[in-house]
Amino acid sequence: MKQLILGNAAVARGLYEAGCCIASSYPGTPSTEITEEAAKFPEIYCEWAPNEKVAMETAFGASLAGNRAFCGMKHVGLNVAADPLFTMSYTGVNAGLVIAVADDPAMHSSQNEQDSRHYARAAKLPMLEPSDSAEALAFTKLAYELSERFDTPVLLKMCTRVAHSQSVAELSPRQEAPVRPYAKTPQKYVMAPANAVRRHPVVEQRLLDLSAWAETADVNRVEAGSDKSLGILTSSTSYQYVKEACGDRFPILKLGMVWPLPEKLIRDFAAQAERLIIVEEGDPFLEQYCRGLGLAVQGKELFPLCGELSQNQIGEKLGLPRHVGSALAEELPARPPVMCAGCPHRGLFYTLSQLKCTVLGDIGCYTLGAMPPLSAMDMTLCMGASISGLHGFNKALGQESQGRTVAVIGDSTFVHSGMTGLANVAYNQSNSTVIILDNSITGMTGHQQNPTTGLSLRGDPAGKIDLEALCKAMGIARVRVVDPYDLSACRSVIEEELAAAEPSVIISRRPCVLLKYVKHQAPLSVEKDQCRGCKACMKIGCPAISFREGKAVVDATQCTGCGVCGQLCKFGAMKEGEA
């Protein structure tokens, strides 16, 4: 049966059809939907792990036990999981193990443009890279075959355009994979130096064997072209752009396995073309490999290193007609991202801004606190870095930073990688104030459960971390809880904890306003006769508030009745209920 299917859903379907039994992941755009879609199949046990390292180790344990397993993450998540990844290359697997990593060229929702192909090369692991939904499904199934045939984890590299676009894929029934018996083999799985040194040659031989397989594999194919003055080597979405720009004019070597690479196939293809061009997004990964073979190629001198490619860019550099696309009659106004109307983080960030605090931030939708008019964040680096960074900042400046510097971190991010930073604060005693923004969900990636919510990926009751008890158990004596809608209480608690001569934690607790179970208050309205046009209500940057004809206006379709703006109005112009 053929079906129009999202790329991420196609990977999930591939997991199902291949007989995968266990999936452990951490949500991260653009990879999140893979595990969410896999959870729709009762045959696959699916879970959200606290972070990507735990997810990968869980999947490895399931593979060790003899069940086909999976873990998924975005590109920066692979950094978190790099420790087990490199050693799993040495141990190999028992049952098949597939690791999906989704890159984000142009940084639609990420803090960098990392190219995950380097991980495959560095960890000496095979990597498959689909270019559409049909390949996403087929390559996922193939990955399990390769994993078990070559005794290796297999990386499946997605990217935003493949993950979040739809194309037609052929669906098939599930094929149950027999459970592989576990046999105690310490020389293979206990990576003490004496065993690891014997496994390294195994890894190197495996790469040679995979390279030989790649020479004739169907995933790497040559497509004929009428004009042999030019040959194009490409993969992933770049292949789709090339086809749209060039059609069948030039010969194309389309790579589905991007590591290890088929040396002979590439050399033979290059020999048939007068000019060889590499079209790839991200780093010149394929280009550098070809240059290492001594081939004369063109790549990044034609196409940009940063951002995504397009069919128009490719056509222009190859001297082809511009691809016909839709054009707007006029330029659209900029629409910068903003926290939602009623977001519980807004009141807290407004308070921090008013107190002129230095705020070390973290990864989450609350990173938008850095945007004007709040402008209440000074740094965002990576998951968990807010707390560790605060500790170092305060240790470096001492009394200079006392009473004005805080870290902010979400509940999910705190469990992901903030706990170790807080342990460092408690252990090494920096006078640091950490604010946990507990909105009862993983908000940025689309409302996934986490270990603080008490619900599993499928919404079933699950273990729940008590943040107050956890922080106290870690050695933090001062733990306060505040409602971020209450500006007066926020200010009072923050001032008190910043003045304290010991580490402290403030938990800003109110659920995300977009959660289905959250009941909104009646929208506010503006009493125009009482509005003085002072624009105090505009200082919180709520998208439900605008200014027209010198007066504030509340959009009742957006307003959730949080009441934060009313606390700023000195003239009582904000009223409950519509005017």
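Residue numbers run from 1 in the order of the sequence given.
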Could you give the side-chain donor-acceptor pairs of residues 372-384 under 3.5 Å, partners two or more places apart or in another chain?
{"unit_1": "D378", "atom_1": "OD1", "unit_2": "V359", "atom_2": "N", "d": "2.8"}

side-chain contact (heavy atoms from CB on, under 4.5 Å) between L437 and D411, intermediate numbers included: CA-CA 6 Å; L437 305 173; D411 51 329; over 6 Å; no
Residue pair R346 / P543: nearest heavy atoms and the distance that separates them: NH2-CD, 3.5 Å
S25 side chain to G72 backbone, donor-acceptor under 3.5 Å: yes
Pairs touching residues 358-384 that satisfy ring pair (Phe, Tyr, Trp, His ring centres under 6.0 Å), sequence neighbours left out: H345-Y366
Close side-chain approach of C562 to Q521, heavy-atom, < 4.5 Å: no
Ion pair check, R161 and E281, cut-off under 4.0 Å: no
K535 charged N/C atom sitting above F547 aromatic ring, 6.0 Å / 45°: yes
Heavy-atom donor-acceptor pair, S133 side chain to I5 backbone, under 3.5 Å: yes
Heavy-atom closest pair, residues S89 and A123: OG-O, 2.7 Å
side-chain contact (heavy atoms from CB on, under 4.5 Å) between E135 and V162, worked out: CA-CA 10 Å; E135 288 190 346; V162 177; over 6 Å; no
K74 side chain vs S109 backbone, donor-acceptor pair below 3.5 Å: yes
Close side-chain approach of L156 and V101, heavy atoms under 4.5 Å: no
Flag side-chain contact, heavy atom, 4.5 Å: L137 against V11: no
Parallel, tilted or perpendicular, as decided by the 30° and 60° cut-offs, for the rings of F285 and H118: perpendicular
Residues, nucleotides or ligands: over 12 heavy atoms within 6.0 Å of Y427 OH: no
Salt bridge (charged side-chain N to carboxylate O under 4.0 Å, His left out) partners of D486, counting only residues at least two apart: none
Set of residues satisfying side-chain contact (heavy atoms from CB on, under 4.5 Å) with respect to A38, sequence neighbours excluded: A12, L15, I44, C46
Exam field: side chain T58 to backbone V54, donor-acceptor pair closer than 3.5 Å: yes
Over all atoms of both residues, closest heavy-atom pair of L524 and G561: CD1-CA, 3.6 Å
Any residue meeting side-chain contact (heavy atoms from CB on, under 4.5 Å) with E57, in chain and number order, not counting sequence neighbours: K53, P84
Residues which pass salt bridge (charged side-chain N to carboxylate O under 4.0 Å, His left out) with R480, listed by chain and number, not counting sequence neighbours: E496, E497
With Q558 via side chain to side chain donor-acceptor pair (under 3.5 Å) - residues at least two apart: D555
Salt bridge (charged side-chain N to carboxylate O under 4.0 Å, His left out) involving E113 - partner list, sequence neighbours excluded: none
Polar contact flag, side-chain donor to acceptor under 3.5 angstrom, S430-S432: yes
R68 (side chain) donor-acceptor with L97 (main chain) under 3.5 angstrom: no
Polar side chain donor-acceptor pair, D104 to S110, under 3.5 angstrom: yes
Residue pair D362 / T413, side-chain donor-acceptor N/O under 3.5 Å: no
K157 bridged to D103 by N-O distance under 4.0 Å: yes
Test item: F349 and P484 side chains (from C-beta on) under 4.5 Å apart, heavy atoms: no
Exam field: side chain S147 to backbone A143, donor-acceptor pair closer than 3.5 Å: no
Any donor-acceptor N/O pair, E52 side chain to V80 backbone, under 3.5 Å: no
Contact summary for C20 and F70, nearest pair of heavy atoms: SG-CB, 4.0 Å
Student check: side-chain heavy atoms of M158 and E129 closer than 4.5 Å: no
Main-chain N/O of M88 paired with T91 side-chain donor or acceptor, under 3.5 Å: yes
Expected output: side-chain K464 to main-chain P461 donor-acceptor under 3.5 Å: no
Closest contact, heavy atoms only, S31 versus A102: CB-CB, 3.8 Å
Main-chain N/O of D283 paired to R117 side chain as donor or acceptor, under 3.5 Å: yes
For H416, all residues meeting ring pair (Phe, Tyr, Trp, His ring centres under 6.0 Å), sequence neighbours excluded: Y26
side-chain contact (heavy atoms from CB on, under 4.5 Å) against L514, all qualifying residues, sequence neighbours excluded: C340, H447, C512
Student check: side-chain heavy atoms of V479 and S504 closer than 4.5 Å: no
No-hydrogen, no-angle side-chain donor-acceptor test under 3.5 Å, Q448 and T445: yes
Over all atoms of both residues, closest heavy-atom pair of S24 and C71: O-CB, 2.8 Å
Euclidean distance, T453 OG1 relative to I441 CD1, rounded to 0.5 Å: 5.5 Å
Residue pairs, two or more places apart or on separate chains, that pass ring pair (Phe, Tyr, Trp, His ring centres under 6.0 Å) and touch residues 480-522: none
From CD1 (I409) to OG (S386), nearest 0.5 Å: 4.0 Å
Set of side-chain contact (heavy atoms from CB on, under 4.5 Å) partners for A423, sequence neighbours left out: M474
Residues L125, Y119; criterion side-chain contact (heavy atoms from CB on, under 4.5 Å); working and verdict: CA-CA 8 Å; L125 291 172; Y119 269 110; over 6 Å; no
Test item: L568 and Y350 side chains (from C-beta on) under 4.5 Å apart, heavy atoms: yes
Side-chain donor-acceptor contact under 3.5 Å, D115 with H75: no
Pairwise side-chain contact, R509 with E468, heavy-atom cut-off 4.5 Å (strictly under): yes
